[in-house]
Structure formats: C-alpha cells, structure tokens
2 protein chains.
Amino acid sequence: MTTVDGYELQARLLRALSHPVRLRILNLLVKREACVCHLTAVLRRPQPYVSQQLAVLRDEHLVAGRREGTIVYYRISDHHVAAWLSHGRQLAADGEDSSAMFPPVPEGALPDCPCPACQAEHSGGHHQSQSGDAAAGQPVRARDQS
Amino acid sequence: MTTVDGYELQARLLRALSHPVRLRILNLLVKREACVCHLTAVLRRPQPYVSQQLAVLRDEHLVAGRREGTIVYYRISDHHVAAWLSHGRQLAADGEDSSAMFPPVPEGALPDCPCPACQAEHSGGHHQSQSGDAAAGQPVRARDQS
DNA sequence: ACAATGTATGCATGTTTCCGAATATAGAAT
DNA sequence: ATTCTATATTCGGAAACATGCATACATTGT
C-alpha cells in the first residue's frame, strides 16, 4: 500500500486551480459546456495557450472533453468542486464588490467564435448539426501520466 | 482606480494554499494556536523552513503571529477560509478513506517541543507561565511588500 | 490532398522550493 | 552595559517547476 499523502493530493488540486485564466475557464464552464474556440474567443488568448490550460485542468480531472467532429466541447467534471470554488471566490473577495471583481461573462453565442454552434445560434436560428447529432462523442484522452 | 482582477486575487490565495506543508500547518492551527517550535517538532522540518512557509501564509493574511517573549504563537486569521479548506479536503479525498489520508495530529504537548508551554504540559501539571501571562503580545509585522 | 480544429513539444524566462548561513530579537547571566 | 543563549526571521543560491509562446504534430471532415 503506497502511503498516499492527502495533503499532497489537495495541494496538487489547489495548484491546478491557482491560475487566473484557469479560474476564468472553470467559471465559464459552470454555466454550460464550451468548445475550445469559444473559450479562445472569450479569453482572447491564442488557442494553444487555452488548450494548454485545459490540459492542466484535465490532468486533475477538473474538466472533461467530448469530441464532436473536429470540435471538442469541455465541461466541468465535478460540480461539487465548482460550487466549492464559487464559495472560495466570495472569501477571496472578502467584503469587496464581487460583481465588479468577477464581471459576468457575455452569455450565449459569440460572433468571434467560429464553431458551428455559435454561428448558427448567432444568426438567429437554433443549432442544428449538419453532420447529424451523434449520440455522444468520445472522451478526449488524457496525456500519459506516470 | 486600479482595475482589480478578482481572479488574480483568488489565484494568489489558492497558490498560497497549494503546498502540502502549508496545508498541514493550517490544519494544525485550526485546533489551537501553536508556536513555531511546536510546528517545527510536529512537521520535522528545519525551523527556518517552517518560518518561511509561515511567512507565505502571513503575506496572504491566512495566519497571524503573536509574540510572547521570545516565542511567537501563530493562529488562523480567518476561520471561514479554514472551514472552506476543510470542505475542499473532503472533495480532494473524493471517496477515499480520508481519515487515512489525513491522519490526525498528535494532540497536546510534545516532548520534542522545547517551548515552556509544551514542557510544562508534558510534565503533568498544567501550564503556568513563568514570566506571568502577559495580556497580549505584539503582532508580528509582515514583510514589506511592494 | 487540403483545410479546420485541437493537442503536444521545445525553449526562454521567470518563480517556487528548499537549504545553509547570516541576522534580528528577547531575556538571562555575568 | 556586555555578553550569552534561545527563538525566530531573513538572505543568497542551486535545483526544480511553472508560464507563455512559436512551432510541429494529430485528428476529423471535405
């Protein structure tokens, strides 16, 4: 039995969370799942950069990806953790105006986002996949880890 | 007005917490305040090392120090954060046996701890300060920060 | 083959971690 | 007062790790 140090585990989890962009990503995904291109548009960061941060969150099982065609949709893995994080946000704000510190994200579709979901939603009609709604995408594999 | 990014603040807080030794320190201090020598004995780490980790926690106002003579007693600054952390521990354990992952700390006085509180308590009688219980020590000053 | 979307790799730069030594600080002894 | 001891903090540096970018690679669909 390998003596697992719980503090080490918790520290790893916290470290994965201790980054402003990753916190923003999680906050975006709480409301609904989103594709990488969507996150790229909202965060205004280069796509490889966003993908990298998603990989960090994935490695700690904080988010999970679902592939549909060429597009990968990410979502929160564990909403308990999300709720816990949201609680922590209030503690971090600590009396300040938290609605000013954590401005709400533009909801819904973005003109900047090239994914078909956003494009369709943005032009008025609701989304209808052109390749047929597959039942469920394959989970995105995690990087090999020691 | 400087545009304060709440995510940055929360990330800093999380980063200060994302270290196994610092998590252990906080967990120790939840039950009661403790002097640096006590923490040093429990954690079995060199004293400067413990002091350094305490400084990180101090800079984020997670703990506060109170000096009594040559001894500095540290305690949790914000028990809301402590409760939140404890909640996070359950999430990190996630189904595993959390009492095995976070073994309870030896309570009370330690033979290894040289501070008079521990020595007195350890030799049977309850603690009676030899220099008279001063009302309250001076708070330990934080490092100058930019 | 080609284009579109995501992921991984390599690297320069900066930060964290940990240690040993030096420094401060408080009290006691001479 | 001066020195001595005990406690705690800070400093300087080496190794490990994180960050952000540019580029290369992989996968899917046309």
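In what follows, chains are A, B, ... by sequence order, proteins preceding strands, each numbered from 1.
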Can you tell me if the side-chain N/O atoms of B:Arg45 get under 4.0 Å from OP1 or OP2 in C:dC19?
no
Does any donor atom in the side chain of A:Gln53 or A:Arg22 lie under 3.5 Å from an acceptor atom in the other side chain?
yes
For A:His38 and C:dT5, what is the distance between atoms NE2 and P respectively, to the nearest whole Å?
14 Å
Report the distance from atom CD of A:Glu8 to atom P of D:dC17, rounded to the nearest whole Å.
11 Å
Using whole Å, report how far CD of A:Glu68 lies from P of D:dT28.
13 Å
Is the ring pair A:His19/A:Tyr49 parallel, tilted or perpendicular, if the boundaries are 30 and 60 degrees?
tilted
Nearest to side-chain heavy atoms of A:Cys35, which nucleotide of D:dT9, C:dG6, C:dT7
C:dG6
So, is A:Arg67 near the phosphate of C:dT5, with a side-chain N or O under 4.0 Å from OP1 or OP2?
no
Nucleotide nearest A:Tyr74 when distance is taken to its side chain, options C:dG27, C:dT7, C:dT5
C:dT7
Nearest-nucleotide wise, let me know which of B:Gln47 and A:His19 is further upstream toward the 5' end of DNA chain D.
B:Gln47
Are any non-hydrogen side-chain atoms of B:Arg89 and B:Asn27 less than 4.5 angstrom apart?
yes
Given D:dA8, C:dT17, C:dC19, the nucleotide with the shortest approach to the side chain of B:Cys37:
D:dA8
Check the distance between C:dT16's P and B:Leu14's CG and give it to me in whole angstrom.
14 Å
Spell out, as yes or no, whether a donor-acceptor pair under 3.5 Å connects the side chain of A:Arg67 to the backbone of A:Gly69.
yes
Measure from CD on B:Gln53 to C1' on C:dT16 and round the result to the nearest Å.
10 Å
Proximal nucleotide (of D:dT9, C:dA4, C:dT17) relative to the B:Val72 side chain
D:dT9
Please determine whether a side-chain nitrogen or oxygen atom of B:Ser51 lies at a distance below 4.0 Å from atom OP1 or OP2 of D:dT9.
yes
Whole angstroms only, please: what is the OH-P distance between A:Tyr73 and C:dT5?
11 Å
Give a yes or no on whether the backbone of A:Leu91 and the side-chain of B:Trp84 come within a donor-acceptor separation of less than 3.5 Å.
no
Categorize A:Pro48 for me: base, sugar-phosphate, or nothing, with a 4.0 angstrom heavy-atom threshold over every strand shown.
base
Give the nucleotide from the list D:dA8, C:dT7, C:dT5 with an atom nearest to the side chain of A:Ile71.
C:dT5
What is the distance, to the nearest angstrom, from the CG atom on A:Asp59 to the C1' atom on D:dT19?
16 Å
Contact under 4.0 Å: A:Arg15 side-chain N or O vs D:dC17 OP1/OP2
no
State which of D:dG12, C:dA8, D:dT19 makes the closest approach to the side chain of B:Gln52.
D:dG12
Pair B:Tyr74, B:Arg66: side-chain N/O donor-acceptor within cut-off below 3.5 Å
no
In whole Å, I'd like the distance from the CD1 atom of A:Ile25 to the C1' atom of D:dT19.
14 Å
OP1 or OP2 of C:dC18 versus the side-chain N and O atoms of B:Tyr49: is any pair under 4.0 Å?
yes
